[in-house]
Protein chains: 2
Amino acid sequence: MEKQTITIYDVAREAAVSMATVSRVVNGNPNVKPATRKKVLEVIDRLDYRPNAVARGLASKKTTTVGVIIPDVTNVYFASLARGIDDVASMYKYNIILANSDGNAQKEAQVLNTLLAKQVDGIIFMGNNMTDELRAQFARAKTPIVLAGSVDAKNEVESVHVDYTAAVEEAVTDLINHGNKRIAFISGPLSDPINGEYRLKGYKNVLAKNGIEFDQDLVFETDYSYRAGEVLWPALASAKATAAFVGDDELACGVLNGAKDAGIKIPEEFEIITSNNSKLTEIVRPQLSSITQPLYDIGAVSMRFLTKMMNREDTSSDQKTIELPYGYIKRGSTK
Amino acid sequence: MEKQTITIYDVAREAAVSMATVSRVVNGNPNVKPATRKKVLEVIDRLDYRPNAVARGLASKKTTTVGVIIPDVTNVYFASLARGIDDVASMYKYNIILANSDGNAQKEAQVLNTLLAKQVDGIIFMGNNMTDELRAQFARAKTPIVLAGSVDAKNEVESVHVDYTAAVEEAVTDLINHGNKRIAFISGPLSDPINGEYRLKGYKNVLAKNGIEFDQDLVFETDYSYRAGEVLWPALASAKATAAFVGDDELACGVLNGAKDAGIKIPEEFEIITSNNSKLTEIVRPQLSSITQPLYDIGAVSMRFLTKMMNREDTSSDQKTIELPYGYIKRGSTK
DNA sequence: TTACTAAATGCAAGCGGTTCAAGAATTTTA
DNA sequence: TAAAATTCTTGAACCGCTTGCATTTAGTAA
């Protein structure tokens with residue numbers, strides 16, 4: 001029982017027209033007499049014809065598919081971006097090839113390669129470890145690329161994100177206004193420019209502006225896990241921190257629970273502000289105050305931007321870097 | 001500046017062989033003299049040739065791409081499955097086209113259609129609302145399909161999941177052993193056979209076995225959100241429930257916090273068991289006892305099963321339905 | 001050496017569409 | 001009503017690669 005498919009040929013024969021004509025009606029080309037169009041459509045319907053996208057892709061050199069390189073779908077932060085991406089992608093009739101990279105440079109390079117081989121029309125890249133090699137590969141590929149929720153430190157690739165520096169400044173300022181002098185900066189790897197560069201800069205800026213001396217002992221570089229936060233309390237206590245800015249929600253939940261389990265009262269004795277306003281912030285008690293990032297929108301805007309690039313629409317009016325507004329929501333973990 | 005690509009033709013010319021030979025070395029066909037192979041590989045390397053997967057797909061009728069229909073990537077449950085799927089997919093050199101359906105029958109049908117148009121080699125479907133129309137569409141498509149973490153009530157489509165009935169039986173038995181007589185059954189839509197059929201059956205079985213009469217008032221059908229659980233306490237209280245089995249972690253977190261906020265002591269005054277053992281269960285206090293499902297593995301096994309079907313490997317020894325073992329982990333929300 | 005078999009390689013026909021130059025049909029213009 | 005201008009259609013050349021079959025080359029036994 002072979003997979004017996006119906007081709008444009010069958011439709012053409014059955015409708016007594018050329019395949020070129022069938023192709024035109026399928027593609028909505030206006031140069032078709034209404035009567036002919038109707039006839040063809042009827043046959044298409046009757047035969048249940050479904051154009052072969054692969055053949056189409058070969059002939060037209062467009063696959064209506066974009067590649068999405070994501071560190072880990074399991075992470076709410078990235079999943080939210082991905083959802084925004086997929087939604088506007090399907091709005092524009094594109095599909096998404098999703099590939100997990102674990103933020104691993106080698107996998108990223110390898111995945112990028114197969115995506116290009118599959119002739120995707122564009123690529124959305126998440127993950128912050130922009131190595132030079134990767135940047136070179138991007139440059140060589142003539143395929144449009146945009147970074148979502150990530151930054152290219154060298155600013156060569158288009159990207160969509162929030163102003164991380166300003167967001168942290170706002171959060172830390174709030175903490176200072178509550179009388180805190182020793183505020184911990186807790187984040188994932190500082191090798192990620194979002195942490196090591198932009199956020200840290202914001203943190204330092206505010207300290208300086210308020211005449212507080214920067215203390216390296218208050219900077220905690222960990223990984224992005226709940227567990228990492230949970231075991232952090234002793235260190236925070238011995239650094240005499242009275243508040244913390246945290247760069248990731250899971251991490252922040254860990255810090256919160258770790259402190260609570262040690263008998264600390266939140267926010268009376270220790271305040272916490274986190275960064276992504278994911279569901280987690282509302283599930284813990286007290287709920288976490290958080291910087292808010294429009295994750296879904298970052299994804300959506302990235303994809304929209306990519307469609308422009310793919311259609312060679314004029315993007316000259318657009319910046320290479322799009323900054324979306326962040327926000328701040330106060331909950332129980334701050335005074 | 002046109003996208004100047006290098007084709008198999010260029011390689012053939014440059015290496016002074018026919019394109020057939022180049023094709024053979026690219027595909028690892030053994031019928032090539034080592035010397036020739038070496039020569040060709042050198043040219044490929046020098047020209048940085050990358051085979052066009054679309055053309056390949058057209059000629060070979062294989063795209064090494066599978067479609068994944070998912071209700072919502074943003075949901076940890078599905079994201080975990082997806083991760084398992086992608087990992088074994090890439091292990092077998094497949095890529096994943098990920099499409100969100102919101103569990104909406106119309107979107108599902110539409111997505112399925114475009115996936116078939118894109119000639120995916122197989123499909124993994126998540127979501128439990130197997131309408132007859134969808135089943136018909138599956139049947140007509142000669143493309144292999146497997147359901148991951150979902151069940152086909154009519155058992156026509158291959159699927160991978162756990163024994164929901166037995167899992168609930170174990171959980172509820174535990175609750176009864178702690179002396180509870182009035183145990184609530186809280187789940188998402190009962191129209192989903194996992195809830196309305198398998199889980200509910202398990203619940204009733206155990207009650208019957210222990211001589212407890214089934215009380216419809218203890219069955220709470222809500223949606224899968226945190227909020228839905230949070231507001232449920234008053235209803236639970238007036239139904240005089242002293243414990244609950246909950247079919248979803250977010251929902252369970254809501255129930256937990258709702259009860260706590262009402263001053264109830266967990267687990268002393270109310271016990272809770274949830275179902276998916278996601279990260280959430282460890283983030284709330286007390287932590288939630290939970291049935292454990294090997295989500296990643298369900299995804300992984302589904303994909304592995306699909307590869308077998310795609311390669312027309314003999315699957316006769318396999319059941320149409322694969323049941324993976326579930327587990328149970330006791331935490332603070334039960335005595 | 002010669003005849004014969006096995007291993008390498010080349011040829012060319014697809015795969016199922018898109019697209020453009022060119023021809024046919026229809027409508028408009030004078 | 002014939003010529004000119006439009007509007008529709010068609011024929012056929014790709015798109016880049018796979019693959020069955022024919023052909024050439026190399027290897028082996030007689």
Side-chain angles (χ1 to χ4, degrees), chain A residues 2-41 43-44 47-65 93 114 116-121 142, chain B residues 2-41 43-44 47-65 93 114 116-121 142:
Chain A
E2 252 325 290
K3 204 160 166 180
Q4 139 94 53
T5 50
I6 298 179
T7 75
I8 198 173
Y9 257 108
D10 303 316
V11 177
R13 177 167 21 77
E14 203 73 9
V17 297
S18 75
M19 48 186 294
T21 299
V22 177
S23 174
R24 270 189 223 95
V25 352
V26 167
N27 292 296
N29 184 312
N31 289 1
V32 181
K33 202 191 331 182
T36 311
R37 178 188 308 283
K38 179 150 175 279
K39 184 173 59 176
V40 172
L41 285 174
V43 175
I44 286 181
L47 266 43
D48 196 21
Y49 166 68
R50 174 191 294 140
N52 180 323
V54 174
R56 263 225 264 226
L58 181 57
S60 68
K61 292 170 170 294
K62 282 184 200 151
T63 54
T64 62
T65 301
K93 311 290 182 196
T114 85
L116 293 176
K118 294 214 168 169
Q119 313 298 114
V120 294
D121 297 335
K142 301 298 185 224
Chain B
E2 252 323 289
K3 204 158 163 181
Q4 139 95 52
T5 52
I6 299 180
T7 74
I8 197 174
Y9 221 75
D10 302 315
V11 177
R13 178 168 18 79
E14 203 72 10
V17 298
S18 75
M19 46 187 295
T21 299
V22 176
S23 173
R24 282 192 202 96
V25 351
V26 168
N27 291 297
N29 183 313
N31 289 2
V32 181
K33 204 194 326 181
T36 312
R37 178 188 309 283
K38 179 151 174 281
K39 183 173 58 175
V40 172
L41 285 175
V43 174
I44 286 182
L47 266 44
D48 197 21
Y49 165 69
R50 174 191 294 141
N52 179 324
V54 174
R56 261 224 260 227
L58 181 57
S60 68
K61 292 170 169 293
K62 282 184 200 152
T63 54
T64 61
T65 301
K93 310 290 182 198
T114 85
L116 293 175
K118 294 215 169 170
Q119 313 297 116
V120 295
D121 296 336
K142 301 298 185 224

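All values below were derived from every heavy atom in this structure, side-chain atoms included, with hydrogens, water molecules and symmetry-related copies excluded. Because the structure is a prediction, the values reported are computed rather than measured.
The side chain to side chain contact (heavy atoms under 4.5 Å, CB included) check on B/Lys62 picks up B/Ser60, B/Asp121, with sequence neighbours excluded. Remark: B/Ala12 engages B/Met19, B/Val22 in a side chain to side chain contact (heavy atoms under 4.5 Å, CB included) (not counting sequence neighbours). Partners of B/Lys39 by side chain to side chain contact (heavy atoms under 4.5 Å, CB included), not counting sequence neighbours, listed by chain and number: B/Val17. In this structure, the side chain to side chain contact (heavy atoms under 4.5 Å, CB included) partners of B/Thr7, at least two apart in sequence or on a different chain, are B/Tyr9, B/Asp10.
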A correct 5'-to-3' footprint of nucleotides 7-19 of chain C, with B, S and - meaning base, sugar-phosphate only and no protein heavy atom under 4.0 Å, is -SBBB--BBBBBB
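Each of B/Val26, B/Asn27, B/Val11, B/Ile8 was compared with B/Pro51 under the side chain to side chain contact (heavy atoms under 4.5 Å, CB included) criterion, and only B/Val26 meets it. The side-chain hydrogen bond (donor to acceptor under 3.5 Å, both in side chains) test with A/Lys118 is passed by exactly one of B/Asn52, B/Thr63, B/Thr64: B/Thr64.
A/Ile44 has its side chain within reach of A/Val40: a pair of non-hydrogen atoms, C-beta onward, lies under 4.5 Å apart.
In this structure, B/Leu116 CG and A/Arg50 CZ are separated by 4.5 Å, a value rounded to the nearest 0.5 Å.
Rounded to whole angstrom, the span from the CG atom of B/Asn29 across to the P atom of D/dT18 amounts to 11 Å.
Comparing the start and finish of the helix from C/dT1-D/dA30 to C/dA30-D/dT1, five pairs each, the helix axis swings through 40°, to the nearest 10 degrees.
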